[in-house]
Amino acid sequence: MSFYIGREASKFWKRFCAETTTEINLLAENWKYILGGLICQYIHGLAARGVHYFHRPGPILQDVGFFLLPELGQDKAYISETVFTFIFLSFVLWTFHPFILKRKKISTVLIWCRVLAFLVACQILRIITFYSTQLPGPNYHCREGSKFARLPHPDNFLEVLLIVPQGMLYGCGDLIFSSHMIFSLVFVRTYHKYGTRRLVKQFAWLTVVAQSLLIIASRKHYTVDIVVAWYSVNLVVFFLDKKLPELLDRSNGGTSSLLPLTKAKEETHKLLNGNFGDAADWKPRTQTNGKVMEGGHAETVINSA
């Protein structure tokens with residue numbers, strides 16, 4: 001038993017090292033896209049903070065979602081954030097599953113290049129819309145009387161460039177359309193295309209629908225913010241997905257073209273796909289003068305020709 005466990009642990013470590021080597025090589029080729037996507041996330045955060053300076057609290061607008069869905073209350077606002085955190089962390093962990101599991105269809109670096117491209121395109125549209133018209137925020141901290149409703153003018157330029165956690169939690173003015181829905185829909189659509197579990201896909205879509213309703217019930221966004229997010233994100237991902245190069249299906253042997261050109265490429269390919277074994281598990285097989293030599297024994301080969 002201990003020998004079996006040790007051998008499986010050795011195989012797992014070899015597979016993990018092989019996958020790490022592959023991903024590092026892919027990162028070396030695509031680091032500009034990853035870095036550009038992360039920089040755009042920072043710019044999006046700056047834009048959301050900047051529009052807070054223009055926010056002016058006012059009467060909450062008439063909203064059909066507020067009429068249909070009962071208000072959860074300020075003490076239950078964490079529910080929608082908990083659902084979003086679950087979606088976010090679940091997707092992040094799934095993108096790193098090739099390091100652990102034998103069967104995989106994606107590469108971590110390439111899938112994040114694709115996801116960041118979707119996020120950046122949607123966030124550019126979002127910045128344009130919420131800077132075009134500033135609506136009075138329906139959230140509790142954005143209403144008249146709250147100390148977070150108006151953001152005091154910065155004392156210096158560095159204060160504008162610094163994104164603090166408090167500003168992310170208590171932002172106002174960046175309404176149309178919901179950033180939480182951008183991330184959730186991009187993640188779920190990506191898993192829907194590259195994931196393998198049908199039940200998980202169905203559960204993911206139901207979770208996003210539940211999150212949409214919880215955001216409205218928590219009065220964090222107007223219904224229009226959620227509706228616009230649903231069709232905008234889906235349309236952006238649909239059209240941009242056709243322009244981006246398709247990922248290779250690694251479960252069908254597509255891994256080999258992603259590997260570095262070394263003499264150990266074939267061995268690494270076997271490690272990544274879980275098709276490997278110890279030397280004792282196979283016998284050398286050669287063919288000489290119409291005979292097959294296998295394990296030191298000769299067998300006559302009958303040629304159909």
Side-chain angles (χ1 to χ4, degrees), residues 15-49 84-101 104-128 161-165 168 174 178-196 204 229 232-251 254-262 265 268-269 271-272:
R15 185 170 64 250
F16 179 83
C17 292
E19 187 68 35
T20 302
T21 301
T22 301
E23 295 294 341
I24 290 176
N25 280 276
L26 289 173
L27 183 61
E29 296 176 1
N30 300 278
W31 66 270
K32 295 180 180 179
Y33 304 107
I34 299 292
L35 180 61
L38 294 177
I39 292 175
C40 287
Q41 299 307 302
Y42 173 72
I43 294 175
H44 173 258
L46 285 182
R49 177 176 173 81
F84 173 74
T85 302
F86 171 76
I87 295 174
F88 188 93
L89 293 180
S90 298
F91 180 80
V92 171
L93 292 176
W94 172 75
T95 60
F96 284 91
H97 83 274
F99 287 89
I100 307 299
L101 303 180
K104 56 261 184 176
K105 298 180 63 176
I106 65 169
S107 167
T108 303
V109 171
L110 296 183
I111 201 70
W112 275 108
C113 287
R114 204 175 192 87
V115 167
L116 287 172
F118 297 150
L119 292 177
V120 169
C122 294
Q123 287 167 343
I124 290 175
L125 294 177
R126 181 174 189 260
I127 293 173
I128 294 174
L161 298 179
L162 181 63
I163 302 178
V164 295
M168 298 174 62
D174 55 330
S178 170
S179 179
H180 284 58
M181 293 304 301
I182 290 178
F183 280 91
S184 298
L185 288 171
V186 167
F187 290 168
V188 171
R189 280 192 63 99
T190 302
Y191 182 81
H192 184 85
K193 182 174 183 179
Y194 298 105
T196 57
S232 297
V233 176
N234 281 293
L235 286 174
V236 168
V237 174
F238 175 78
F239 287 106
L240 193 57
D241 188 59
K242 295 181 178 296
K243 299 295 182 181
L244 296 175
E246 188 53 69
L247 298 182
L248 295 176
D249 189 345
R250 300 181 63 183
S251 62
T255 311
S256 58
S257 62
L258 303 177
L259 299 177
L261 295 177
T262 64
K265 178 178 178 180
T268 307
H269 173 61
L271 289 172
L272 289 172

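Sequence positions, counted from 1, serve as the residue numbers for this chain. Atom set for the values below is all heavy atoms of this structure, side chains included, hydrogens, waters and symmetry mates excluded.
For the pair K242 and F239, the cation-pi test (distance below 6.0 Å, angle within 45°) is failed.
What you find for C113 and I34 is that their closest heavy atoms are SG-CD1, 3.6 Å.
Between L116 and Y33, every side-chain heavy-atom pair lies at or beyond the 4.5 Å cut-off. Annotation: side chain of L185 is not in contact with side chain of V237 (no heavy-atom distance under 4.5 Å). For the pair T20/E23, no side-chain contact is recorded, criterion being any heavy-atom separation below 4.5 Å from C-beta on. In this structure the side chain of F88 never reaches within 4.5 angstrom of the side chain of H180, judged on heavy atoms. In this structure, R126 and M181 have side chains that are not in contact, with every pair of non-hydrogen atoms separated by 4.5 Å or more. Using a 4.5 Å cut-off on side-chain heavy atoms (C-beta onward), F118 and F187 make no contact.
Here the straight-line distance linking atom CZ of F96 with atom CD1 of I111 works out to 12.0 Å at 0.5 Å rounding. Taken from OG in S178 to CZ in F183, the straight-line distance is 10.5 Å, to the nearest 0.5 Å. The line from OG1 of T190 to CG of L119 is 8.0 Å long, rounded to the nearest 0.5 Å. Between the CG atom of L26 and the OG1 atom of T21 there is a distance of 11.0 Å, given to the nearest 0.5 Å. To the nearest 0.5 Å, atom NZ of residue K32 and atom CD1 of residue I39 are 12.5 Å apart. Interatomic distance, T22 OG1 to E19 CD, rounded to the nearest 0.5 Å: 5.5 Å.
With sequence neighbours excluded, the residues that form a ring-ring contact (aromatic ring centres under 6.0 Å, His included) with W94 are F91, H97, Y191. Among residues two or more places apart in sequence or in another chain, the side-chain hydrogen bond (donor to acceptor under 3.5 Å, both in side chains) test is passed with N234 by R189. Scored by the side-chain hydrogen bond (donor to acceptor under 3.5 Å, both in side chains) test, H192 finds W205 as partners (sequence neighbours excluded).
Using modelled atom types, one side-chain atom of Y42 and one backbone atom of L161 make a donor-acceptor pair closer than 3.5 Å. With R114 contributing its side chain and P245 its backbone, the two residues share a donor-acceptor pair below 3.5 Å.
The only option from T95, N25, N30 that meets the side chain to side chain contact (heavy atoms under 4.5 Å, CB included) definition with V109 turns out to be N30.
Counting heavy-atom neighbours within 6.0 Å of F86 CZ, excluding the residue itself, gives a total of 12 or less.
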